[in-house]
Number of protein chains: 2
Amino acid sequence: MTSRNPQQTRDNLIQTAFQEIHRHGFQGMRVDEVLRLSGLRKGAFYHHFSSKTALGYAVVEEQIRPLVRSVWLEPLAGMDDPIRELPRMLDALPERIPPMMREHGCPLNNLAQEMVDQDDGFRQRLLEVLNEWIAALETMIERGKIQGYLREDIDSRAVARFIVAALEGCIGLAKVDRSPEQWSACRSQIAGYLETLRPVAG
Amino acid sequence: MTSRNPQQTRDNLIQTAFQEIHRHGFQGMRVDEVLRLSGLRKGAFYHHFSSKTALGYAVVEEQIRPLVRSVWLEPLAGMDDPIRELPRMLDALPERIPPMMREHGCPLNNLAQEMVDQDDGFRQRLLEVLNEWIAALETMIERGKIQGYLREDIDSRAVARFIVAALEGCIGLAKVDRSPEQWSACRSQIAGYLETLRPVAG
DNA sequence: GATAGAACAGACCAACTGGTGTGTCTATAG
DNA sequence: CTATAGACACACCAGTTGGTCTGTTCTATC
């Protein structure tokens with residue numbers, strides 16, 4: 001019998017809940033099922049979380065936010081020329097992400113689209129993560145301008161927002177028609193779009 | 001007391017259900033609430049539909065599909081130069097769609113993202129609608145090629161898919177951060193992308 | 001090693017949820 | 001006018017859902 005480890009118990013609940021939310025949405029996620037999968041009881045659950053919603057918030061903060069950072073933010077750090085390196089990063093993406101994300105799409109966008117109109121707590125937290133992502137892209141674009149890789153008259157924020165929108169759109173489309181093989185085609189179009197940001201006179 | 005009108009009763013249920021699904025998702029939609037809003041009873045409901053899921057299917061076929069056709073397909077019919085006319089259409093879009101769509105986003109994409117992994121009946125029907133949309137764009141692009149408005153070496157299907165993906169992505173993003181005013185910025189980026197499809201030597 | 005509080009187990013519950021069954025009314029064909 | 005089937009109303013239900021309550025066990029601290 002493993003000794004008590006409250007931190008591990010809490011993590012267990014959050015990770016299991018994350019997977020269930022990813023599969024069925026937050027409304028479709030069942031507390032009892034999370035308990036069954038994690039081998040815990042009601043007592044444990046409501047000791048660590050005040051409600052199902054509180055667990056959902058924790059999943060956003062402690063699972064989705066770090067995941068977005070590692071998948072989308074970190075690769076941006078050392079990027080010089082976005083036009084050349086972003087498509088390359090998108091190529092390597094399918095191998096970098098957990099298999100679950102290829103099946104069920106982006107956890108951030110899934111949960112956001114579902115819960116934004118249902119609960120303001122979700123909206124605030126998910127919007128924070130989304131804005132962090134957009135801001136990181138914006139920073140990269142600004143840097144690209146300074147280094148002469150990008151035109152200086154482009155609207156960095158608008159471009160950053162569009163990149164995120166296009167990515168989420170492509171992921172969502174691939175999820176619906178279950179065509180991961182179309183990802184490269186999608187990447188090519190994004191690469192084409194990025195070319196519009198290239199300075200005219202090199 | 002209004003006389004009986006089964007067709008109107010059925011439409012009433014479908015339209016009310018459509019709004020409730022749009023607001024809360026299919027899983028969040030409650031049969032009892034639809035009944036309350038439409039002023040009908042369980043007897044009426046299960047006379048016209050065999051289950052909640054059957055109602056959902058009817059909503060896709062009889063509400064979402066026609067809506068997609070009128071909003072996205074019909075404006076494509078008379079288009080000659082997509083690069084010039086598509087952005088113009090996107091400008092006029094906010095006034096052409098019902099206000100509900102500005103709040104809650106695209107009913108097609110919302111329902112698709114939610115239900116694709118939950119129910120194969122939804123997946124098939126929603127995929128059909130989506131493919132009809134993509135096919136219409138593809139046709140327009142092919143026409144644009146022939147008429148010399150677009151480069152001939154572009155992958156029509158990939159471009160069509162990306163346009164849909166970008167649109168759904170932008171709508172989804174606007175839904176999350178509730179910034180309809182960013183729509184024009186988003187439109188500009190799409191317009192920029194479309195420029196990449198322009199023939200080189202006019 | 002006593003003890004207080006944290007970390008659970010497990011039984012229980014009220015509200016809700018989709019769905020059923022029976023009966024009644026109404027339109028329509030003959 | 002009457003028979004018949006469609007179009008509902010209404011009472012009812014079994015299973016599920018998130019959540020509570022009480023009690024027990026572990027563990028850190030003095």
Side-chain angles (χ1 to χ4, degrees), chain A residues 1-60 62 111 114-115 117-122 125, chain B residues 1-60 62 111 114-115 118-122:
Chain A
M1 193 180 307
T2 70
S3 64
R4 277 186 176 170
N5 190 338
Q7 183 63 38
Q8 182 180 308
T9 298
R10 192 187 135 92
D11 279 359
N12 192 350
L13 284 169
I14 291 184
Q15 285 181 28
T16 308
F18 171 58
Q19 292 179 23
E20 286 298 293
I21 290 174
H22 197 193
R23 280 190 226 280
H24 306 118
F26 177 76
Q27 299 183 106
M29 179 265 279
R30 303 281 108 116
V31 174
D32 283 353
E33 182 66 8
V34 169
L35 259 27
R36 195 183 65 81
L37 290 171
S38 55
L40 293 164
R41 314 293 164 182
K42 280 282 170 73
F45 185 97
Y46 285 96
H47 174 73
H48 286 283
F49 304 99
S50 61
S51 66
K52 179 188 177 184
T53 302
L55 172 66
Y57 293 168
V59 166
V60 175
E62 301 175 37
L111 193 54
E114 178 191 3
M115 296 306 296
D117 289 331
Q118 314 298 324
D119 182 294
D120 207 60
F122 272 108
R125 288 167 176 81
Chain B
M1 194 180 308
T2 69
S3 62
R4 278 188 174 168
N5 190 337
Q7 183 63 39
Q8 181 179 309
T9 298
R10 193 186 134 92
D11 280 359
N12 190 351
L13 284 169
I14 291 184
Q15 285 181 26
T16 307
F18 171 58
Q19 292 180 22
E20 286 297 293
I21 290 173
H22 197 192
R23 280 191 227 281
H24 306 117
F26 177 76
Q27 299 183 106
M29 179 266 278
R30 303 281 108 116
V31 175
D32 284 352
E33 182 66 7
V34 170
L35 259 27
R36 195 184 64 80
L37 291 171
S38 55
L40 292 163
R41 314 294 164 182
K42 280 279 171 73
F45 185 96
Y46 284 96
H47 175 72
H48 287 281
F49 303 99
S50 61
S51 67
K52 179 189 177 184
T53 302
L55 172 66
Y57 293 168
V59 166
V60 175
E62 301 175 38
L111 194 53
E114 179 191 2
M115 295 307 297
Q118 313 299 321
D119 182 294
D120 208 60
F122 271 108

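Note that the structure is predicted; figures quoted are calculated from it, not measured. Reminder, nothing fancy here: chain letters follow the sequence lines and each chain counts from 1.
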> Nucleotide by nucleotide, 5' to 3', does protein get under 4.0 Å of the base (B), only the sugar-phosphate (S), or neither (-) in nucleotides 2-17 of chain D, counting heavy atoms?
Replying inline: ----BBBBB------S
>> Parallel, tilted or perpendicular: which one describes the rings of F49(B) and F45(B), with boundaries at 30° and 60°?
In response: tilted
Nearest-Å distance for atom pair [atom1]/[atom2], residues [X] and [N]:
X	N	atom1	atom2	value
H24(B)	dT17(C)	NE2	P	11 Å
F49(A)	dA7(C)	CZ	P	12 Å
Y46(A)	dC12(C)	OH	P	18 Å
E33(A)	dG19(D)	CD	P	17 Å

>> What's the angle between the local helix axes at either end of the helix from dG1(C)-dC30(D) to dG30(C)-dC1(D), using five pairs per end and rounding to 10 degrees?
In response: 10°
>> Check whether E20(A) reaches the backbone of G28(A) with its side chain - one donor and one acceptor, N or O, closer than 3.5 Å.
In response: no
>> Looking at Q27(B) and H24(A), would you say the former's side chain and the latter's main chain have a donor-acceptor pair under 3.5 Å?
In response: yes
> If you measure from the Lys or Arg side-chain nitrogens to the Asp or Glu carboxylate oxygens, is any gap between E62(B) and R10(B) under 4.0 Å?
Replying inline: yes
> What heavy-atom pair brings G56(A) and I21(A) nearest, and what distance separates the two atoms?
Replying inline: CA-CD1, 4.5 Å
> What is the minimum heavy-atom distance between E114(A) and F26(A), and which atoms define it?
Replying inline: OE1-N, 2.9 Å
> Where do T9(B) and N5(B) land on the side chain to side chain donor-acceptor pair (under 3.5 Å) test, with the steps shown first?
Replying inline: CA-CA 6 Å; T9(B) 298; N5(B) 190 337; over 6 Å; no
> Rounded to the nearest 0.5 Å, how far does CG of L40(A) lie from NE2 of H48(A)?
Replying inline: 8.0 Å
